[in-house]
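Below is one structure, written out as C-alpha cells; the observations come after it.
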Amino acid sequence: MSWQVRRPSAADADAIATINVRAWQHAYAGLMPASVLERQEVAPRAERLRERLTSGTGAPGFVAVAPDGVVAGYCWFGDYRPDEDLPAPGEGWGEFYAIYVDPDRIGTGAGATLMTAALTALHPRPVAVWVLEGNARARAFYERFGFRHDGTVTDFDAGGTPVPEIRYVGPS
C-alpha cells in the first residue's frame, strides 16, 4: 500500500485520538492495568490535540494517510526531553514521543513509513525512544530500524501502577 505522509492538521484530531485510544488498548493489554486502558477516552484527547494543532504548540509530527484518505497512524518527535533522574543519552539527541498505528492497519507499512519520515526529519541527530519493556511488538519494530536498548530503565506510571519502560537509542 502507498502511504501519504504529511503534517497533521486540527481536522485530524479526532482520527489521531481514536488511533491513540485503540492502539493503547491493543498494545498495552496485559502490560497495564485494565482499568487504565478502559478509562481511555477519545473526545477529551481530541479536544486537547485540536487546541495544540490549532495553536501550533504541539510537537512536530506526521500522519500516515491511506489512499482512501483515512488517517491510519501518527507520530510525534522532537528534542530529547531531559529527565533529572536519568542520564541523557547525549547532547543534541532527538526523541520519538509517540508512534501509533490503528490496530487494524498494523503490518501494512504505515508505521514503517512514519518511522522513515521522522528519522529523515531528525537526521543527522541520533534518536531515543521509550518503550514498555513487555511490548515485544514495539521493541521488534524499533530493532528493525537499528534501535537498541541502552540499559536505561525507568517506570511508567500507569494509574499508580509502575510499568517498566526501557530506553532504545539509534539508529546505529
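Residues take their numbers from the sequence shown, with the count starting at 1. As the structure is a prediction and not an experimental result, all values here were calculated from the model.
- Between the CD1 atom in Ile16 and the CH2 atom in Trp76 there is a gap of 4.0 Å [rounded to 0.5 Å].
- Identified under the salt bridge (Lys or Arg N to Asp or Glu O under 4.0 Å) test for residues 9-22, with sequence neighbours left out: Arg6-Asp12, Asp14-Arg50, Arg22-Asp102, Arg22-Asp104.
- When Phe141, Phe147, Tyr142 are each tested for a ring pair (Phe, Tyr, Trp, His ring centres under 6.0 Å) with Phe145, only one passes: Phe141.
- What you find for Ala128 and Trp93 is that their closest heavy atoms are N-CE3, 3.9 Å.
- Ring geometry for Phe62 versus Phe77: interplanar angle of 30 to 60°, hence tilted.
- If you chain together hydrophobic residues whose side chains sit under 4.5 Å apart, Val153 and Val131 fall into the same group.
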Q) Which is it for Tyr28 and Val36 under the side chain to side chain contact (heavy atoms under 4.5 Å, CB included) test, yes or no, and what are the steps along the way? A) CA-CA 10 Å; Tyr28 303 145; Val36 170; over 6 Å; no
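- The aromatic rings of Tyr168 and His149 sit parallel to each other, their planes meeting at less than 30°, with 60° as the upper class boundary.
- Across all non-hydrogen atoms, the minimal contact from Gly111 to Ile99 is O-CD1, 3.8 Å.
- When side chains are defined from C-beta on, Val71 counts as touching Ile19, because their heavy atoms get closer than 4.5 Å.
- Linking Ile, Leu, Val, Met, Phe, Trp and Tyr residues whenever their side-chain heavy atoms come within less than 4.5 Å places Val63 and Trp24 in a single cluster.
- Atom-to-atom distance recorded for Arg52:CZ and Glu47:CD is 11.5 Å, nearest 0.5 angstrom.
- No side-chain heavy atom of Glu165 sits less than 4.5 Å from a side-chain heavy atom of Glu133.
- Considering all non-hydrogen atoms of both residues, Val5 and Ala117 come closest at CG1-CB, 3.8 Å.
- Panel note: side chain Trp3, backbone Thr108; a donor-acceptor pair is recorded below 3.5 Å.
- A heavy-atom distance below 4.5 Å is found between the side chains of Pro89 and Tyr80.
- The cluster map of Ile, Leu, Val, Met, Phe, Trp and Tyr, joined by side-chain heavy atoms under 4.5 Å apart, puts Leu49 and Val21 in different clusters.
- Within the 4.5 Å cutoff, the side chain of Arg105 has heavy atoms near those of the Val70 side chain.
- Each of Ile166 and Met32 belongs to its own hydrophobic cluster when Ile, Leu, Val, Met, Phe, Trp and Tyr are linked at side-chain heavy-atom distances under 4.5 angstrom.
- Closest approach of Gly94 and Leu122 over heavy atoms only: CA-CD2, 4.3 Å.
- Under the 4.5 Å side-chain heavy-atom criterion for ILVMFWY residues, a single connected hydrophobic cluster contains both Leu31 and Tyr100.
- Pro8 places a side-chain heavy atom less than 4.5 Å from the side chain of Leu53.
- The shortest non-hydrogen separation linking Pro103 to His26 is CG-CB, 3.6 Å.
- In this structure, Arg7 places its CZ atom where more than 12 heavy-atom neighbours from other residues, nucleotides or ligands lie under 6.0 Å away.
- Side-chain atoms of Tyr97 come within 3.5 Å of backbone atoms of Asp79 as a donor-acceptor pair (strictly under, hydrogens ignored).
- The shortest non-hydrogen separation linking Pro171 to Leu119 is CD-CD2, 3.8 Å.
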